[in-house]
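Accompanying notes for the structure given below.
Side chains are part of it too, since the values below use all heavy atoms of this structure and drop only hydrogens, waters and symmetry mates. All chains are named by letter (A, B, ...) in the order of the sequence lines, taking the proteins before the strands, and each is independently numbered beginning at 1.
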Protein chains: 2
Amino acid sequence: MKKINWKNFKHAVIATDVVIFTVIDNELKVLLIKTNKGPFKGKWVLPGGLVNIKESVDNSAAKHLKNKTGLSNIYLEQLYSFGEVNRDPLGRVVSVSYFALAPNKEYQFKTTKEYDEIAWHSINEIKKLGYDHEDIIKLAIIRLKSKLEYTNIVYSLLPTEFTFTDLQKMYETILERKIDKRNFRKKILSLDIIKKTNKKTIGGANRPAHLYKFKNRKLEVVEII
Amino acid sequence: MKKINWKNFKHAVIATDVVIFTVIDNELKVLLIKTNKGPFKGKWVLPGGLVNIKESVDNSAAKHLKNKTGLSNIYLEQLYSFGEVNRDPLGRVVSVSYFALAPNKEYQFKTTKEYDEIAWHSINEIKKLGYDHEDIIKLAIIRLKSKLEYTNIVYSLLPTEFTFTDLQKMYETILERKIDKRNFRKKILSLDIIKKTNKKTIGGANRPAHLYKFKNRKLEVVEII
DNA sequence: CCAAAAGTGTTGCGGTTACACCCATGT
DNA sequence: ACATGGGTGTAACCGCAACACTTTTGG
């Protein structure tokens, strides 16, 4: 990794930061890394980094996501650009933030020289983060909640096959409210966005549940809730 | 104006571009300037410019808005950041775009060395613009339509006092559909966001209309339509 | 047989839509 | 008197919310 002397920059530089969400045990989590250098040494921050002059900003976000977490091919969309003058104590950095959604799996996260810890954090247990990254996460949560209500984006948090209860719990966790089971099933089925497979869950100490799949695993605008 | 040699930049630089909307004669218009230099000489483009290292990105947008159009204190919000590598033929420029809303008035626009024409353009009559500014405008229109439906943002396109018909026409123009007059009045009144003044329109060859004011001239989230 | 989660319909309410005529003013 | 836009109420419909019991499996 080439060392960067920020003081050499006469102009604002551009970075990308990615808020990566997943849901584990009915809790919304965000992926953070613990920096071991710079003014926020020892603090948890969002994965991200500078935008190379030869890559698009979107590519930069995808690249940093991949490099720091190993994740790729997950849902990624631009969130907002943070451009306050003093948001980075080392220089003028404008951050184009992104938010990403990952299904809950056993990921093998990498560490590098810049950080030696990387972990999921419950959004309720986030302490003081470096930079303005708490603001970024807050905004990302608002965006996520909102998109959940008017798109099928939830598919990107679920595995390919899931039960109706999995789906409902996802909404309940993120929207932080209970939803009536019968009304929920009625609504989702009427939207014609998922289809029943001929498989069922096995091994539970109770009645097996049908497994469903999304008909389209790409973003669609649908009034879900 | 200091001359900028783009080739000197080793890193991407940041610019802001502003999509300024108004409604004139039941048409949605956007304010464009005609550049007289650079690769898009003679083309219409959005007002905007580079972000200074000592100003926030938000300030930069407000400043360029003011400098190039004389407009200030109007509604302004960040839209999206455009970061493709080749969007500016002279160098690597990432544009943080904004959209602004102005009531229809007789503005005295300024011209500078960089452009000698500045004018409102109907969004239906926009030809080939410089840069990716058509994309920016398209996105801004989507955002505007959407915000019109779930906020009181329309206040920023109207004068302080307006008739119910003015208000309804604003919606009909931007959303591009007819709205039932009685249902519209019922809905707006039930939201309790405007109040009747004791004035009426004068001089029309017909029954005078009551004038209304917004109770709050700041952004609120309300299900309007 | 018991525990645990899956699965299934009906009713009432409230908000949205559709729809047509009289009113106040200027010419 | 007539042309023009201002201003008003009601009924049907539809989507949403509230609500409880039976089924299927494993232990």
Is it true that A:E125 and A:K127 make a salt bridge, defined as a side-chain N closer than 4.0 Å to a carboxylate O? no

Will you find, in the side chains of B:D116 and B:T111, an N or O donor that is under 3.5 Å from an N or O acceptor? no

I'd like the 5' and 3' limits of the part of DNA chain C contacted by chain B, with heavy-atom contacts below 4.0 Å. C:dT16 to C:dG26

Detail all sub-3.5 Å separations between protein N/O atoms and N/O atoms belonging to nucleotides 14-16 of chain D.
none

Taking the six-membered ring for Trp, are A:Y80 and B:Y80 closer than 6.0 Å centroid to centroid? no

For the residue pair A:E117 and A:Y115, confirm or rule out a side-chain donor-acceptor distance under 3.5 Å. no

According to the side chain to side chain donor-acceptor pair (under 3.5 Å) rule, which pairs have a member within residues 192-211 of chain B, sequence neighbours left out? B:E161-B:K199, B:D192-B:K215

Tell me, please, whether B:F164 has B:R185 positioned over its six-membered ring: NZ or CZ under 6.0 Å from the ring centre and within 45 degrees of its axis? yes

Taking OP1 and OP2 of D:dG6, is either one under 4.0 Å from a side-chain nitrogen or oxygen of B:H210? no

Nearest 0.5 Å, what's the OG1-OH distance between A:T22 and A:Y107? 5.5 Å

Distance-minimising heavy-atom pair for A:T16 and A:S60: OG1-OG, 2.9 Å

Note: A:E149-A:K147 ion pair, threshold 4.0 Å (strictly below): no

Measure all distances between protein nitrogen or oxygen atoms and nitrogen or oxygen atoms of nucleotides 19-27 of chain D, and list the pairs falling under 3.5 Å.
unit_1 : atom_1 : unit_2 : atom_2 : d
D:dC19 : N3     : A:R182 : NH2    : 3.4
D:dC19 : N4     : A:D180 : OD2    : 3.2
D:dA20 : N1     : A:R182 : NH1    : 3.2
D:dT23 : O2     : A:R207 : NH1    : 2.9
D:dT24 : O2     : A:R207 : N      : 3.2

May I ask you to decide if B:N183's main-chain N or O and B:D180's side chain share a donor-acceptor pair within less than 3.5 Å? yes

Within residues 163-175 of chain B, the residues having a heavy atom closer than 4.0 Å to DNA chain D are B:T165

Go through the structure and list residues passing salt bridge (Lys or Arg N to Asp or Glu O under 4.0 Å) with B:K213, not counting sequence neighbours. none

Of A:V30, A:L76, A:L65, A:L101, which is the lone residue that meets side chain to side chain contact (heavy atoms under 4.5 Å, CB included) with A:I20? A:L65

